[in-house]
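All ligand and atom numbering here is 1-based and tracks the order in the structure. For clarity, every value in this text was computed on a predicted model and none was experimentally measured.
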Amino acid sequence: MKRLIPVILFVMTLVSSCQHTDPGRETDMDAKINALMSQMTLEEKIGQLNLVAVGFDVTGPIVSENVDEKIKQGYVGGVFNTFTPDVVKKMQKRALTESRLGIPLIFGYDVIHGHRTIFPIPLGLASSWDMEAIEKSAYISAQEASADGLNWVFSPMVDISRDPRWGRVSECPGEDTWYGCQVAKAMVRGYQGDDLGKDNTVMACVKHFALYGAAEAGRDYNTTDMSRLSMFQDYFPPYKAGLDAGAGSVMTSFNEINGIPATGNKWLMTELLRDQWGFDGFVVTDYTAINEMVPHGIGADEYEVGAQALEAGVDMDMVGEVFLNNLKKAVEDGKVSEKTVDIACRRILEAKYKLGLFEDPYRYVDAERAEKTIMSQEHIDAARDIACKSMVLLKNDSQVLPLKEKGAIALIGPLATNQRDMIGNWSGAGDWKKAVSVEQGIRNVAGDKVKVLYAKGANIADDEQMIQRLNAHGGNLDIDSRSSAEMIAEAVRVASKADVIVAVVGESQGMSGEAASRTDITLPGQQQALLKALKKTGKPMVLVLMNGRPLALKWEEEHADAILETWFAGTQAGNAIADVLFGHHNPSGKLTATFPQVVGQVPIYYNHKNTGRPFGGDLFDKYKTRYLDVTNEPLYPFGFGLSYTTFDYSAPVLSTTQLKKGESMKISVTVSNTGNYDGEEVVQLYIRDLVGSVTRPVKELKGFKKVFIAKGESKKVEFELTTDDLAFYHSDLTYAYEPGAFHLFIGTNSRDVKPIPFEVVE
Ligand code: NOJ
């Protein structure tokens with residue numbers, strides 16, 4: 001075993017989630033809050049811990065009632081699902097003028113990938129590998145949300161997930177921990193800017209703490225059971241990165257963690273979050289997550305679980321009103337101390353102070369600003385540009401793409417004229433009627449130069465019961481009155497008159513997101529049957545995919561000529577898709593979640609362990625880690641994505657092959673654009689630590705650079721590695737690098753790279 005060189009004993013990074021470092025201001029805050037709290041009754045303090053939902057987007061069985069009355073009594077600390085300057089102003093006014101102490105309310109909302117101008121779903125945003133673009137999407141969301149009465153967003157969602165059955169992979173940055181950290185930081189910067197006290201920034205909420213993405217079997221809300229080593233190594237860092245970037249709040253997750261629901265988990269929320277990480281913002285539960293501790297089986301009734309959640313470190317109770325209904329008695333009975341209530345109440349009041357709500361409670365309700373800001377041309381343009389950046393070209397045989405702006409296109413598929421699904425799930429206050437369909441986008445971009453022939457070809461899904469369930473939550477899906485055979489026949493007729501087929505296929509937005517797990521992750525319904533029929537026409541077939549998760553697309557990969565992954569690209573989806581299809585934008589997105597060949601390979605991720613019996617490729621070598629019926633390879637690996645141009649990589653040059661503590665290794669590689677288009681390439685750097693005191697993954701992403709290279713040109717791309725970059729958690733949870741042999745890989749994705757040996761020496 002190698003000797004341990006401690007780099008950072010994982011203990012205590014003092015995080016300041018407070019954006020104001022001015023000590024004078026802190027003192028003002030304490031003075032203000034001390035004075036206020038000295039006047040508050042126990043009921044009013046508990047009231048601050050109560051978050052009610054007023055409006056729509058209900059995501060649980062309980063809804064808030066008698067809200068106006070509760071506001072008057074001082075029993076509400078915050079409101080969510082309520083926005084627009086008028087409505088917020090009215091509610092804020094009630095709190096200020098009709099409650100005894102006139103404490104302003106905090107207004108939160110699920111602003112996840114845009115407020116009214118909608119950007120691609122988070123998995124799509126992550127695929128851009130463009131931190132500036134991701135930050136900008138959050139910045140614009142903050143501009144719009146804060147102009148619309150809001151000051152708190154339930155984002156970023158930074159759960160790492162390796163299971164595409166889980167519907168919420170659509171909301172997360174993907175499977176990689178290090179990459180997830182970069183996204184978390186970019187999002188928090190975008191929302192909070194450099195001063196939470198400004199009226200155009202909003203407080204971020206890092207969620208779902210913790211390990212929600214590791215739900216067993218990919219079934220939402222399910223159990224998580226995991227070693228501490230994996231938690232620290234693979235799942236916790238993105239939450240911490242978001243908090244280190246200054247996020248003011250954290251949301252608990254629905255799942256249990258090794259037998260204790262996260263929402264009542266003191267180790268998680270006090271020992272780790274507060275004592276070790278130094279988080280000083282506030283913790284809100286997920287929707288009715290305290291109530292759900294009863295069915296979890298960790299407490300007999302709400303009285304018990306309420307006390308447990310407060311003691312564990314929860315400050316605010318989302319919708320469940322367990323705190324409101326039980327904490328007073330719990331304090332009177334001596335089950336929880338009033339001091340614990342005080343601490344939670346203080347954290348909520350501090351958040352309000354930091355947001356400037358005590359200075360000016362109406363600062364976020366400026367109708368004129370809302371009018372100017374919301375869906376401004378600048379925001380729409382940014383949404384189009386960012387949507388282009390999120391798309392991933394998965395296949396492009398014989399350069400079918402970009403399409404020529406002439407001739408006839410057979411535009412086929414249930415999503416080709418669709419507006420509803422373009423904005424994806426968790427699309428906040430986005431109005432899908434303002435979304436651009438692919439058909440419209442093609443017309444906008446190519447005008448009369450191309451003839452567009454359309455046929456629906458298939459329904460998105462044919463399972464009537466599933467459609468009813470999706471429609472009950474705004475799905476807007478229909479089942480065509482024609483039979484599948486009739487629809488396919490029409491599509492084939494249309495296709496045979498065209499030069500090229502563009503088939504727009506995939507999921508509907510409601511098939512991913514919360515409570516939208518799937519066990520079959522192939523194209524739903526008769527869409528593959530449609531593609532098979534279209535293939536027989538012999539026309540070149542381009543697939544435009546829309547989906548909120550990696551799909552199993554083995555047949556499609558084998559038979560389509562080109563495949564463009566567009567996720568759910570947002571308000572400007574159709575325009576951006578057309579920009580990419582016609583080559584006005586050269587795609588540069590790369591996957592951040594592995595696409596399996598078949599669902600049975602799940603969980604499948606690039607940074608897996610080697611095992612004691614790695615499969616070397618010999619099919620007759622029986623006793624190896626493998627399946628009998630399918631290879632171990634993914635369909636598309638992490639980091640994969642093509643361009644209309646081609647890039648060549650020189651052999652990387654290392655400044656040293658012996659890295660020492662305190663020194664750095666510089667790595668450079670020359671990337672040449674050898675094709676016919678200008679383009680951007682995401683140059684990726686991975687390492688492998690060959691021997692460790694605990695086993696290490698076969699590859700780990702440690703850096704990337706997204707570079708623009710004009711056709712015919714080359715660019716030198718440089719990276720730097722230090723021993724800090726090689727640190728990892730040990731079985732005693734210390735964090736350190738270990739000297740020894742390593743491999744370095746540089747390339748265009750996690751698969752197509754070659755190892756270059758180097759050594760870390762003492
Ligand atoms: C439940 C979801 O898990 C969470 O992400 C969301 O922020 C809340 N509901 C509020 O809508």
Side-chain angles (χ1 to χ4, degrees), residues 50-64 77-83 106-115 121-123 138 141 145 150-161 166-173 184 187-188 191 202-215 218-222 224 238-239 242 247-257 261-263 281-293 296 314-322 424-430 473-474 509-510 512-517 548:
N50 192 29
L51 177 65
V52 298
V54 185
F56 39 89
D57 290 347
V58 169
T59 56
I62 299 177
V63 288
S64 306
V79 178
F80 84 100
N81 284 354
T82 295
F83 49 89
I106 186 170
F107 285 87
Y109 193 50
D110 283 292
V111 175
I112 308 295
H113 51 112
H115 177 55
I121 55 166
L123 189 59
S141 307
L150 299 164
N151 38 48
W152 180 31
V153 294
F154 301 151
S155 173
M157 191 276 217
V158 291
D159 301 312
I160 292 301
S161 183
W166 192 48
R168 302 196 80 171
V169 288
S170 65
E171 292 172 63
C172 63
M187 298 287 288
V188 172
Y191 290 132
V202 291
M203 184 174 276
C205 184
V206 167
K207 71 185 188 186
H208 307 81
F209 197 59
L211 318 181
Y212 186 33
R219 205 178 70 222
D220 213 355
Y221 317 120
N222 205 4
T224 299
Y239 305 115
S249 64
V250 167
M251 187 184 292
T252 68
S253 57
F254 286 124
N255 52 285
E256 68 165 65
I257 296 176
T263 305
F282 74 94
V283 174
V284 63
T285 69
D286 203 340
Y287 204 103
T288 60
I290 306 180
N291 316 59
E292 291 167 27
M293 287 165 64
H296 266 296
V314 167
D315 302 306
M316 195 175 232
D317 173 1
M318 186 189 285
V319 181
E321 302 204 335
V322 176
N425 67 77
W426 279 123
S427 43
H473 295 273
Q509 53 79 32
S512 60
E514 188 175 351
S517 298

Asks: Looking at ligand 1, would H208 count as a contact under a 4.0 Å heavy-atom criterion?
Replies: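 True for this residue.
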Asks: Do F80 and W152 have side chains that approach each other closer than 4.5 Å (heavy atoms only, starting at C-beta)?
Replies: no
Asks: Taking side chain as C-beta onward, heavy atoms only, is H113 less than 4.5 Å from S427?
Replies: yes
Asks: Could you tell me which residues satisfy side chain to side chain contact (heavy atoms under 4.5 Å, CB included) with S141, sequence neighbours excluded, listed by chain and number?
Replies: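 Scan of S141 (side chain to side chain contact (heavy atoms under 4.5 Å, CB included), adjacent residues dropped) gives V111, F119, Y191.
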Asks: Using heavy atoms and a threshold below 4.0 Å, how should the contact between W426 and ligand 1 be classified: side chain, backbone, both, or neither?
Replies: side chain
Asks: Where the closest heavy atom to atom 2 (C) of ligand 1 is concerned, which of M318, E171, E514 has it?
Replies: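 Going through M318, E171, E514 one by one, E514 has the nearest heavy atom to atom 2 (C) of ligand 1.
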Asks: Could an N or O of ligand 1 be found under 3.5 Å from any N or O of D286, whether backbone or side chain?
Replies: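 N/O-N/O distance under 3.5 Å: yes.
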Asks: Could you tell me whether the side chain of F107 reaches within less than 4.5 Å of the side chain of F83, counting heavy atoms only?
Replies: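 No - every pair of side-chain heavy atoms lies 4.5 Å or more apart.
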Asks: With heavy atoms of R168 as the reference, note each atom of ligand 1 found under 4.0 Å away.
Replies: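 Reading through ligand 1 atom by atom, the close ones are 2 (C), 3 (O), 4 (C), 5 (O).
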Asks: For ligand 1, which atoms sit closer than 4.0 Å to a heavy atom of M251?
Replies: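 Atoms satisfying the 4.0 Å criterion: 4 (C), 7 (O).
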Asks: Please find the pair of heavy atoms, one from V79 and one from L51, that lie closest to each other, and give the distance.
Replies: N-CD1, 3.5 Å
Asks: Output the list of atoms in ligand 1 that are nearer than 4.0 Å to some heavy atom of K207, sorted by atom number.
Replies: 4 (C), 5 (O), 6 (C), 7 (O)
Asks: With respect to Y212, determine whether any N or O atom, backbone or side chain, lies less than 3.5 Å from an N or O atom of ligand 1.
Replies: no
Asks: Check each heavy atom of M157 against ligand 1 and say whether those closer than 4.0 Å belong to the side chain, the backbone, both or neither.
Replies: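 It is neither; nothing of M157 touches ligand 1.
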Asks: Can you confirm whether the side chains of D159 and S161 place a donor and an acceptor under 3.5 Å from each other?
Replies: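 The criterion, which ignores hydrogens and geometry beyond distance, is not satisfied for S161 and D159.
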Asks: Classify the side-chain pair E514/N425 by whether it contains a donor and acceptor separated by less than 3.5 Å.
Replies: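 The criterion, which ignores hydrogens and geometry beyond distance, is not satisfied for N425 and E514.
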